[in-house]
Asker: 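The structure under discussion is supplied below as structure tokens; questions concerning it will follow.
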Amino acid sequence: MSSSATALQGYSRLDDEELEARIRAARQELGERLVILGHHYQREEVFRHADYTGDSLKLSRQAAQTSAEYIVFCGVHFMAEVADIMSAPDQISILPDLNAGCSMADMADLERVEDVWQELSEVLDPDEQVTPVTYINSAADLKAFCGRHGGIVCTSTNAPHVLEWAFRQRDKVLFFPDQHLGRNTGYGMGIPLEQMVVWDFRKPLGGLSEQQIRDAKMILWNGFCSVHQMFRPEHIDSYKERHPDTLVISHPECRFEVCQKSDYVGSTEYILNTVSSGEPGSRWLVGTELNMVSRLQQQLKPRGITVQFMSPMVCMCSTMFRIDPQHLLWTLEGLVRGEVVNRIAVPEEDADQARVALQRMFDLAV
Ligand code: 13P
Ligand code: SF4
């Protein structure tokens, strides 16, 4: 058993009340030396301890602005990496459980992206004709790739503005890892579906003809979020049959057909704000992660707003769920003793180049 697993064993025996009280005590003791950032998908027992909550863009801005010595990120690995990249060298970014990755981010890796870039050069000059755009849900070395090839990072909030920027630089975009965010955003900007091709990295030239590559405006990586894949257009149809007045809102990681059937599409922060400002008596079908939807449901019920999760199946982000009060407390009590656990430190060269791509996004100010 690893030393962290042994150290955590003591925490697994604590009851909810003790965990809660000790987290509060540790936060108080650390005071302004600590900031806790919490993504909307965090479970309630963790989420309520966050100093700032939000979507990936909002939290990455917080990470760039805070002067706290310790940034404890209750989210997933790529988020803590961004916090490390955007904070000062003497600030420390921490992920309470190192197993909290993002399965979609893991679908693209540097080696394969470099292979695609190389293969594209058989048909065109990618450094002249293609802007690489990575969704923030990606490893730091992919952000670095974008930094050194004139590319940029986007989030679910700013993807349309980022793509506009990308097309001002070069004629085409290579978008990774989420094909759905790429397709939904491109379509919203007026790009026809046939000009957005999916690159299948198991096949030569991505399974595409040279002509298809020349004609494409967007080359989409074959990645997806397994949580958002669960929402289907038929879920919308069957709920609306029973409740025709329902408003449908989805995250842009959902399939194209789901987004097309939705009244609103946007980031987790956008979903929160839009549903929360709904009229009393309104009914919402929401296509995003379960923990967030359940929280909205409870918060808005007293105001007469009905919130329904889109899928009949339970689909939550199991990696976000890895951050539990036990890991949070273990992390914080370590810091109180002066022991840093689970530090996320991006190698300097990657961090420098990734910062270029992130800064291009922040400079767009959206
Ligand atoms: P947001 O930036 O909209 O919070 O999305 C992050 C994410 O991972 C959604 O699955
Ligand atoms: Fe990644 Fe999907 Fe989880 Fe978001 S919901 S963190 S994209 S696995």
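Residue numbers run from 1 in the order of the sequence given. Counting convention: from 1, in listed order, for ligands and their atoms alike.
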Asker: Identify which protein N/O/S atoms are less than 2.8 Å from atom 3 (Fe) of ligand 2.
Answerer: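 Protein N, O or S atoms closer than 2.8 Å to atom 3 (Fe) of ligand 2: Cys317 SG.
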Asker: Flag yes if Met218 and Trp117 sit in one hydrophobic cluster, no otherwise; membership is Ile, Leu, Val, Met, Phe, Trp, Tyr, and two members link when side-chain heavy atoms are under 4.5 Å apart.
Answerer: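 Each belongs to a different hydrophobic cluster.
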Asker: Under a 4.0 Å threshold between the charged nitrogen and the carboxylate oxygen, would Arg255 count as salt-bridged to Glu257?
Answerer: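 Judged by the 4.0 Å cut-off on N to carboxylate O distance, Glu257 and Arg255 do not form a salt bridge.
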Asker: Tell me which protein heavy atom sits closest to atom 8 (O) of ligand 1, plus the residue, atom name and distance to 0.1 Å.
Answerer: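 Here the closest protein heavy atom is Asn137 ND2, 3.0 Å.
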Asker: When you check the side-chain N and O atoms of Gln195 and Asp215, is any donor under 3.5 Å from an acceptor?
Answerer: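 Judged by distance alone, the side chains do not pair up.
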Asker: With a distance cut-off below 6.0 Å to the six-membered ring centre and an angular limit of 45° from the axis, does Arg112 pair with Phe201 as a cation-pi contact?
Answerer: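 Cation-pi check for Arg112 and Phe201: passes.
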Asker: Apart from Phe224 itself, what residues make up its hydrophobic cluster, given side-chain heavy atom links below 4.5 Å?
Answerer: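 Its cluster mates, by chain and number, are Met107.
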Asker: Checking contacts here: is it the side chain or the backbone of Tyr41 that comes within 4.0 Å of ligand 1, counting heavy atoms only? Could be both or neither.
Answerer: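 Just the side chain.
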Asker: How does His40 reach ligand 1, if at all, at less than 4.0 Å between non-hydrogen atoms: by side chain, backbone, both, or neither?
Answerer: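 For His40, no heavy atom sits under 4.0 Å from ligand 1.
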Asker: Only one of Glu29, Glu333, Glu17 forms a salt bridge (charged side-chain N to carboxylate O under 4.0 Å, His left out) with Arg22, so which one is it?
Answerer: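 So, applying the salt bridge (charged side-chain N to carboxylate O under 4.0 Å, His left out) to Arg22 and each of Glu29, Glu333, Glu17, only Glu333 qualifies.
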Asker: Looking at Phe73 versus Phe78, is the centre-to-centre ring distance below 6.0 Å?
Answerer: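 Between Phe73 and Phe78, the centre distance exceeds or equals 6.0 Å.
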Asker: Under the 6.0 Å and 45° cation-pi test, does Arg43 pair with Phe321?
Answerer: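 Yes - Arg43 lies over the ring of Phe321, closer than 6.0 Å to its centre and within 45° of its axis.
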Asker: Quick test: of every protein heavy atom, which one is nearest to atom 9 (C) of ligand 1, and how far off is it to 0.1 Å?
Answerer: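 In this structure, atom 9 (C) of ligand 1 has Glu253 OE2, 3.1 Å as its nearest protein heavy atom.
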Asker: Ignoring hydrogens, what is the shortest heavy-atom contact between Leu181 and Phe175? Give both atom names and the distance.
Answerer: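 Leu181 and Phe175 have their closest heavy atoms at CD2-CZ, 3.8 Å.
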Asker: For ligand 1, note which part of Ser267 has a heavy atom under 4.0 Å away: side chain, backbone, both or neither.
Answerer: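 Contact part for Ser267 vs ligand 1: both backbone and side chain.
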Asker: Just to confirm my output: which protein heavy-atom neighbour is closest to atom 2 (O) of ligand 1, and how far is it?
Answerer: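 Answer for atom 2 (O) of ligand 1: Ser56 OG, 2.7 Å.
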Asker: Counting only nitrogen or oxygen atoms and a 3.5 angstrom limit, does Thr155 reach ligand 1?
Answerer: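 It does not: no N or O of Thr155 is found under 3.5 Å from an N or O of ligand 1.
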Asker: Starting from atom 5 (O) of ligand 1, what is the nearest protein heavy atom, named by residue and atom, and what distance separates them?
Answerer: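 Going by distance alone, atom 5 (O) of ligand 1 is nearest to His251 NE2, 3.3 Å.
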